[in-house]
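We count ligands from 1, going down the list as the structure has it; atoms in each ligand are counted the same way.
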Amino acid sequence: MKVEAVELRTLSMPLVSSFRGALGAETERELLVVRVIGPESEGWGECSALGSPLYSPEYVAGALAVVRDHLVPRLAAHAPEPTADQVAAALSPVKGHRMAKAALEMALLDAELRARGQSLASYLGATRASVPSGVAVGIAGSTAELLDTVARYREEGYLRVKLKIRPGWDVEPVRAVRERFGDLPLQVDANGSYSLADAAHLARLDAFELLLVEQPLPEDDLAGHAELARRLKTPICLDEPITSARAAADAISRGACRVVNLKAGRMGGYLEARRAHDTCTALGVPAWCGGMLETGLARAANLALAALPGFTLPGDISASGRYWHQDLTEPFVLGPDGHLPVPAGPGLGTAPLPEVLAQVTTSVTLLRWGS
Ligand code: MG
């Protein structure tokens with residue numbers, strides 16, 4: 001498509017509640033959004049990097065710099081009228097920075113699909129009009145507080161709950177939730193905070209009929225996960241190491257996981273996420289869509305992705321109200337059946353509300369295409 005300019009905005013949005021656990025204790029979500037502007041169409045992309053490099057090496061200021069100084073100039077030189085499916089190859093000489101690449105690809109994809117009147121869901125091959133909604137619950141101050149939080153989310157209609165765990169906050173809180181909420185679909189995420197020496201302790205979680213235990217060991221320990229998988233009944237799911245379809249196939253073939261959490265930002269974009277979905281489906285491994293404290297932009301794209309047939313478990317795609325008093329877009333509201341609707345309009349099917357965008361913007365950088 002013809003591109004005239006790329007606008008990079010950093011935003012600061014107040015979160016409803018601080019998200020304690022592995023993502024730190026942020027009360028403001030710093031983020032980067034990318035807007036591709038052309039004569040016939042424009043599109044929006046959201047970078048999933050957080051304000052600080054505490055969850056992944058990427059962070060907002062770094063992502064802004066790499067998009068501005070490396071990704072946009074390189075793409076403009078390689079493809080003066082780029083299409084979204086050229087982005088990954090054109091940017092492959094730049095190592096890493098997948099979340100930044102994903103944001104640029106997402107903006108181009110949105111613009112392209114808007115121009116031709118097709119929804120992202122239809123483009124990706126979605127087969128459902130709504131997806132079941134799950135919620136992630138951070139480390140609580142006490143078991144009583146945790147039970148209150150889970151009770152509130154149950155009342156709101158969430159169909160599956162994920163508890164963050166770490167050494168010192170695992171078996172007892174999980175037991176308390178299981179005892180109080182009976183057959184609630186439940187899973188846990190350790191964000192890599194254990195070691196293989198904790199295998200016997202982690203095996204105590206087998207008593208609670210969890211759907212899965214996510215990322216118990218550090219992200220570079222596939223062999224450890226494969227060994228741990230032999231000692232646990234609960235399926236192991238990997239998150240952080242799944243950086244591509246090939247990484248998913250590798251982890252599965254080594255026996256390091258039986259379930260995969262797919263996050264488009266971590267994989268460099270929704271096109272690679274779709275390939276990873278296809279890989280998981282071909283290998284008979286269930287996938288689900290993870291979350292990164294998204295605004296409505298990436299929430300819309302995640303809903304389109306999660307509507308693909310291989311996403312057989314509820315993901316971490318919650319309603320806007322889980323994170324924001326005021327989302328960047330029209331809010332996503334949970335239906336009475338605990339599902340969120342998959343946007344059907346062209347592209348993402350949503351866009352920032354101008355007055356909200358103006359309010360939360362902390363910087364604007366406008367790059368002329370090809371100059
Ligand atoms: Mg995770």
(Q) Would you say the Mg ion (ligand 1) has D189 as a near neighbour, meaning an N/O/S atom of that residue under 2.8 Å away? (A) yes
Q. Which single N/O/S atom of D239 lies at minimum distance from the Mg ion (ligand 1)?
A. OD2
Q. Of all N/O/S atoms in E214, which lies nearest to the Mg ion (ligand 1)?
A. OE2
Q.
Other residues, nucleotides and ligands only: do more than 12 of their heavy atoms fall within 6.0 Å of CD on E4?
A. yes
Q.
Quiz question: by atom type and distance under 3.5 Å, do the side chains of E240 and N191 form a donor-acceptor pair?
A. yes
Q: Look at E155 together with R152 and state whether they make a salt bridge at an N to O cut-off of under 4.0 Å.
A: no
Q | Side-chain donor-acceptor pair present, Y158, R322, cut-off under 3.5 Å | A | no
